[in-house]
Number of protein chains: 2
Amino acid sequence: MLKYAILGLLQYTDMHGYRIKEHIERNFGHMWSINYGQIYPNLKKLYNDGLVEMTEMAQNGEKGPPRKLYSITDKGKEEFAKWLEISPDKPMLLRDPFLMKFVFFGFGDAKRSLEIIDEQIKRYKSDLKRRKKNLNRWENSGTYVRLTAELGVNLNEMFIKWLEHSKQEIENQETAIFHEQAGT
Amino acid sequence: MLKYAILGLLQYTDMHGYRIKEHIERNFGHMWSINYGQIYPNLKKLYNDGLVEMTEMAQNGEKGPPRKLYSITDKGKEEFAKWLEISPDKPMLLRDPFLMKFVFFGFGDAKRSLEIIDEQIKRYKSDLKRRKKNLNRWENSGTYVRLTAELGVNLNEMFIKWLEHSKQEIENQETAIFHEQAGT
DNA sequence: CTTTATATATATACAAACTATATATTAATC
DNA sequence: GATTAATATATAGTTTGTATATATATAAAG
């Protein structure tokens with residue numbers, strides 16, 4: 001899938017690996033983090049398959065070592081276009097270490113569980129703040145990019161709402177158990 | 001992460017690989033799909049690390065070949081408990097082949113894009129129906145499991161709302177472009 | 001002015017997760 | 001009794017993800 005993310009970005013403009021990582025994190029970072037260890041091998045493969053071209057840039061006053069600028073070829077554009085109009089086969093995958101723990105909190109210490117829930121609410125809230133602040137950045141980037149950014153905000157708001165509601169339910173239940181034990 | 005999902009499930013009851021897959025898909029299937037190719041190697045590793053025990057069951061009138069029943073050891077329970085109270089380190093990861101295409105629909109054929117969006121709305125809606133129907137199944141499974149199932153429903157409803165709103169915006173924009181071209 | 005810190009940039013080894021497919025057993029169906 | 005369906009385990013191969021090494025150039029600190 002990363003293959004097509006890279007090809008898609010290269011349709012906007014030529015880029016080198018480092019810049020590609022930046023862009024992916026800006027465009028998909030709502031829900032996606034990427035690593036150089038995924039980008040450079042992919043670029044190499046795209047190059048070997050003739051889907052991108054590469055030119056080594058000379059030093060030009062910029063920081064860092066010489067860059068390798070990649071651009072999409074006609075073959076690359078073709079393959080990307082083909083991919084774009086195929087109905088997505090695989091369903092959404094949501095993998096969240098917090099949620100994985102959450103399901104099993106019944107086995108753990110209730111107090112510690114609530115602590116982790118509070119931490120998570122804070123995390124969601126700071127994420128939401130950042131995303132809302134960046135929303136205007138996508139206003140002129142085309143409808144689809146903008147709508148995707150909006151989805152990120154919606155997703156974040158939904159999670160906060162759900163987790164705050166969950167916290168209350170859990171606390172209420174704790175109180176109920178306490179009263180039971182106290183015989184009231 | 002799968003390692004801990006398996007250990008967690010084995011705290012409820014002893015299971016063999018096939019059954020573990022069923023349970024994971026029932027409990028986490030809101031956003032998670034699993035494959036035998038992930039389960040059996042994991043069970044083997046858990047066994048080698050002494051976190052689970054295994055007994056080969058004799059045939060007992062049930063269908064299929066002999067089962068290997070796994071149960072969690074004290075060492076396994078310890079490691080699971082330790083993991084459960086550590087603050088989750090990595091952020092949520094949402095990987096969706098549909099969303100990946102959606103961001104780039106600006107490069108593709110608008111008509112085909114709307115078709116794929118319609119397919120996706122249908123998929124979301126049938127998922128929602130199934131999840132809502134199954135909600136009552138978790139009513140007595142403990143607060144955390146039930147709340148996680150509710151999250152699945154919320155997530156689904158949010159996506160439908162977002163995608164239907166997005167569709168309208170895209171269609172409106174298409175119409176605007178048409179009027180522009182027609183000079184009205 | 002030289003050491004140190006920082007941002008840039010590429011690369012690779014390793015581990016975890018995912019896909020595809022092979023194999024085998026039993027129960028039910030035809 | 002042959003076929004189909006459900007159960008169950010296993011593994012090869014690919015893709016993803018993590019950790020870390022390496023190197024260059026600018027900025028900042030001393």
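Residue numbering restarts at 1 for every chain, and letters A, B, ... go by the order of the sequence lines. Treat the numbers as computed from the prediction; the structure is a model and nothing was measured.
Across the interface with DNA chain D, nearest-nucleotide mapping of Lys45(A) and Ser33(A) shows Lys45(A) to be the residue nearer the 5′ end. In this structure, His16(B) and Asn42(A) both approach DNA chain D, and ranking their closest nucleotides by distance from the 5' end singles out His16(B).
A distance below 6.0 Å separates the ring centres of Phe102(B) and Trp162(B). Ring pair Phe104(B)/Tyr4(A): centre-to-centre distance not below 6.0 Å.
Rounded to whole Å, atom P of dC18(C) lies 15 Å from atom CG of Asp89(A). Here dT18(D) presents its C1' atom at 16 Å from OH of Tyr40(A), a figure rounded to the nearest Å.
Residue contacts shown for Leu69(A) are absent, as no nucleic acid heavy atom lies under 4.0 Å away. At the heavy-atom level, Leu93(B) lies under 4.0 Å from the strands shown only through sugar-phosphate atoms. Nucleic acid contact for Gly17(B): sugar-phosphate only, since backbone atoms but no base atoms lie under 4.0 Å from a heavy atom of the residue. Among the heavy atoms of the strands lying under 4.0 Å from Lys90(B) are primed sugar atoms or P, OP1, OP2 only; no base atom is included.
When distances are taken from the side chain of Met1(A) to each of dA10(D), dA11(C), dT16(D), the shortest belongs to dT16(D). Among dT9(D), dT19(C), dT16(D), the nucleotide with an atom closest to any side-chain atom of Gln38(A) is dT16(D). In this structure, the nucleotide among dC18(C), dT11(D), dT10(C) sitting nearest to the side chain of Arg95(B) is dC18(C). Closest to the Lys44(B) side chain, of the nucleotides dT12(C), dT11(D), dT18(D), is dT11(D). Among dT16(D), dA10(D), dA11(C), the nucleotide with an atom closest to any side-chain atom of Tyr36(B) is dA10(D). With dT19(C), dT7(D), dT18(D) as the candidates, the nucleotide lying closest to the side chain of Tyr18(B) is dT7(D). Residue Pro41(A) has its side chain nearest to dT12(C) when only dT10(C), dA19(D), dT12(C) are considered.
Rounded to the nearest 0.5 Å, atoms CD1 (Ile116(B)) and CG (Leu84(A)) are 6.5 Å apart.
When each of Lys101(B), Arg112(B), Glu115(B) is checked for a side chain to side chain donor-acceptor pair (under 3.5 Å) with Ser87(A), only Arg112(B) meets the rule. Among Lys129(A), Lys161(A), Arg131(A), the one residue that satisfies the side chain to side chain donor-acceptor pair (under 3.5 Å) test with Asn156(A) is Arg131(A).
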